[in-house]
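Following: one structure in structure tokens, then a few remarks.
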Number of protein chains: 2
Amino acid sequence: MNKTADEKVLQQPHNHQHCMTQALQSAEKICTDKGVRLTAIRKRILELICSSHKAIGAYELLDLFRKEDMKAKPVTIYRALDFLMEAGLVHKIESLNAFIGCLQAETQHQSVILICDNCKNAFELDASSVYKTIFAMSKEKQFTPTTLTIELHGLCDSCS
Amino acid sequence: MNKTADEKVLQQPHNHQHCMTQALQSAEKICTDKGVRLTAIRKRILELICSSHKAIGAYELLDLFRKEDMKAKPVTIYRALDFLMEAGLVHKIESLNAFIGCLQAETQHQSVILICDNCKNAFELDASSVYKTIFAMSKEKQFTPTTLTIELHGLCDSCS
DNA sequence: AATGTAATGTTATATTATTACATTTAGTAT
DNA sequence: ATACTAAATGTAATAATATAACATTACATT
Ligand SMILES: [Zn+2]
Ligand SMILES: [Zn+2]
Ligand SMILES: [Zn+2]
Ligand SMILES: [Zn+2]
């Protein structure tokens with residue numbers, strides 16, 4: 001991808017090829033460290049997800065993947081997604097039933113996902129302090145927290 | 001419902017009949033104020049949702065509703081849910097594809113939903129300060145926020 | 001009563017996700 | 001190298017969630 005084809009994301013123009021390379025390298029490292037296998041299917045599906053910062057649905061992904069592997073079925077995608085989510089390489093956006101690649105999979109992070117309802121670009125904002133507050137609030141109610149989902153819809157800079 | 005049948009919710013035993021009565025009264029008031037109609041179907045579906053504090057799916061609701069109205073279809077439920085959500089009487093839990101009644105529909109509130117993964121009871125915790133923080137963070141990224149979803153899974157007091 | 005709008009009825013279909021079981025592949029032990 | 005084992009994939013079917021399109025009915029206003 002050349003410079004003129006760069007997307008504008010995170011309110012910053014950026015060389016998106018770098019995101020891809022980085023994501024794939026992280027993936028290799030994480031899987032090696034965890035002792036799990038980043039197979040061809042899993043890797044390709046991660047590439048497809050990371051080919052933009054837009055949230056993508058499982059069936060959109062299936063359509064793309066089928067261009068290269070006609071025999072792919074929904075479960076092919078869902079299995080890969082489960083694996084990639086388990087490894088922290090991909091996140092599900094619950095309010096969209098769609099998925100994004102994580103740009104900081106190697107780093108422990110607690111994030112809010114900002115989702116542009118116009119262009120569907122989605123990115124994570126680190127928000128550990130917010131997590132801390134919410135966990136504390138829940139514990140005051142004798143609640144034992146496990147997973148926190150925070151999704152903010154709106155319009156990104158380019159779309160507003 | 002008698003006292004012994006009271007549920008334990010919000011880490012507090014409570015007379016659940018009161019929740020129901022309160023929710024229905026609020027609903028009447030809100031709909032009157034907004035000039036919209038709380039029809040028999042909508043009211044009954046609200047009652048079914050509010051009959052416990054457990055998150056309930058649209059098709060579970062359909063099964064219950066069909067006991068009284070055999071000809072009900074999925075769209076019957078989804079229309080009522082859309083209406084009730086629009087009126088702020090019901091919230092959708094995105095991470096469960098399920099719904100809960102709101103206990104504070106008359107009051108403007110910004111909440112985190114705590115969801116017990118064991119008993120499925122879900123309740124709202126007011127968290128305006130958290131909303132404020134997240135909105136501010138997003139604005140720093142030139143993001144124009146609209147809707148914020150915060151869902152915390154875990155175990156409630158009774159289940160942990 | 002005539003009119004217009006909102007609500008509901010009815011049928012069909014779209015979208016998202018999982019289950020079950022067979023087969024293949026890849027790593028491990030012999 | 002061979003046999004074994006567990007993980008991954010293939011394949012088919014189906015479950016679960018949600019919406020579209022159009023006809024009919026009920027309700028409010030005149
Ligand atoms: Zn990029
Ligand atoms: Zn945008
Ligand atoms: Zn109650
Ligand atoms: Zn519980």
Side-chain angles (χ1 to χ4, degrees), chain A residues 27-28 30-46 48-49 54-66 68-87 89-100 115 120 149 151, chain B residues 27-28 30-46 48-49 54-66 68-87 89-100 115 120 149 151:
Chain A
E28 299 283 8
I30 286 165
C31 292
T32 302
D33 290 358
K34 290 186 64 173
V36 295
R37 294 166 51 207
L38 187 64
T39 61
I41 292 177
R42 291 163 174 176
K43 186 171 170 180
R44 184 59 187 137
I45 288 172
L46 179 60
L48 290 171
I49 293 171
K54 295 187 196 306
I56 186 169
Y59 281 76
E60 285 178 82
L61 221 34
L62 177 58
D63 288 343
L64 295 176
F65 189 72
R66 272 187 167 150
E68 297 149 18
D69 180 350
M70 299 92 81
K71 65 184 176 308
K73 305 281 187 305
V75 74
T76 310
I77 306 300
Y78 282 105
R79 281 170 178 160
L81 287 170
D82 285 347
F83 173 87
L84 295 168
M85 286 190 290
E86 170 67 23
L89 297 164
V90 160
H91 301 304
K92 179 174 187 180
I93 300 178
E94 298 289 351
S95 55
L96 285 181
N97 297 318
F99 304 85
I100 55 169
I115 302 146
K120 302 298 173 204
T149 299
E151 299 174 3
Chain B
E28 299 284 9
I30 286 166
C31 292
T32 302
D33 290 358
K34 290 186 64 172
V36 295
R37 294 166 49 206
L38 187 65
T39 61
I41 291 176
R42 291 163 173 175
K43 186 171 170 179
R44 185 59 188 136
I45 288 172
L46 179 60
L48 290 171
I49 293 170
K54 296 187 196 304
I56 186 169
Y59 281 76
E60 284 178 83
L61 222 32
L62 177 58
D63 288 343
L64 295 176
F65 189 72
R66 272 189 167 149
E68 297 149 18
D69 180 351
M70 298 91 83
K71 66 185 174 307
K73 304 284 186 303
V75 75
T76 310
I77 306 300
Y78 281 104
R79 280 169 177 161
L81 286 171
D82 286 346
F83 174 88
L84 295 168
M85 285 190 290
E86 169 67 26
L89 298 164
V90 161
H91 302 304
K92 179 174 186 180
I93 300 178
E94 297 288 352
S95 54
L96 285 181
N97 297 319
F99 304 85
I100 55 169
I115 303 146
K120 302 299 173 203
T149 300
E151 298 174 2

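A note on names: the letters A, B, ... follow the listed sequences, proteins ahead of strands, and every chain is numbered from 1.
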Under 4.0 angstrom between [X] side-chain N/O and [N] OP1 or OP2:
| X | N | value |
| --- | --- | --- |
| B:Lys92 | D:dA18 | yes |
| B:Thr39 | C:dT8 | yes |
| B:Asn97 | D:dA18 | yes |
| B:Tyr78 | D:dT19 | no |
| A:Lys73 | D:dG10 | no |

Worksheet item: So what does A:Val75 touch, heavy atoms closer than 4.0 Å: a base, only the sugar-phosphate, or nothing?
Response: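 Base, at least one base heavy atom under 4.0 Å.
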
In whole Å, I'd like the distance from the [atom1] atom of [X] to the [atom2] atom of [N].
| X | N | atom1 | atom2 | answer |
| --- | --- | --- | --- | --- |
| A:Leu96 | C:dA17 | CG | P | 11 Å |
| B:Ile77 | C:dA7 | CD1 | P | 17 Å |
| B:Met85 | D:dT19 | CE | C1' | 13 Å |

Worksheet entry | Point-to-point distance, once rounded to the nearest 0.5 Å, from CZ of B:Phe99 to CD of B:Glu60 |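 Output value for this atom pair is 11.0 Å.
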
Discussion item. Let's test this: given Watson-Crick or G-U wobble pairing with both distances under 3.5 Å, identify the partner of D:dT29.
Written reply: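 Partner of D:dT29: C:dA2.
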
Discussion item. Donor-acceptor pair, distance only, cut-off 3.5 Å: does the side chain of A:Lys34 make one with the backbone of A:Thr32?
Written reply: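 Side chain of A:Lys34 to backbone of A:Thr32: no pair is present.
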
Discussion item. Judged by each residue's nearest nucleotide on DNA chain C, which is more toward the 5′ side, B:Ala72 or A:Gly57?
Written reply: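 With A:Gly57 and B:Ala72 compared, the 5'-side residue is B:Ala72.
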
Worksheet entry | 5'-most by nearest nucleotide on DNA chain C - B:Thr76 or A:Asp82 |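 Checking each residue's closest nucleotide, the 5'-ward one belongs to B:Thr76.
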
Worksheet entry | Test item: side-chain donor near acceptor, A:Ser95 and A:Glu151, under 3.5 Å |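 Looking only at side-chain atoms, A:Glu151 and A:Ser95 do form a donor-acceptor pair, the distance falling under 3.5 Å.
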
Worksheet item: Is there a side chain to side chain contact (heavy atoms under 4.5 Å, CB included) between A:Leu46 and A:Arg42 once you walk through the steps?
Response: CA-CA 6 Å; A:Leu46 179 60; A:Arg42 291 163 174 176; over 6 Å; no

Item to complete: Measure from the side chain of A:Ile41, starting at C-beta and using heavy atoms only, and say which of C:dT10, D:dG10, C:dT18 lies closest.
Response: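 Output: D:dG10.
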
Item to complete: Tell me which nucleotide among D:dT9, C:dA7, D:dA21 gets nearest to the side chain of A:Arg79.
Response: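 Of D:dT9, C:dA7, D:dA21, D:dT9 is nearest to the side chain of A:Arg79.
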
Fill in: C:dT15 base stacked by A:Tyr59 (centroids within less than 5.5 Å, tilt under 30°)
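Stacking between A:Tyr59 and C:dT15: absent.
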
Worksheet item: Taking atom types as they are modelled, is there a donor-acceptor pair under 3.5 Å from the base of C:dG27 to the side chain of A:Arg37?
Response: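 When only heavy-atom distances are counted, A:Arg37 does not reach the base of C:dG27 through any donor-acceptor pair under 3.5 Å.
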
Practice prompt. Taking all heavy atoms of A:Ala80 and all of A:Ile45, pick out the closest pair and write down the distance.
Written response: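 Where A:Ala80 meets A:Ile45 most closely, the heavy atoms are CB-CD1, 3.5 Å.
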
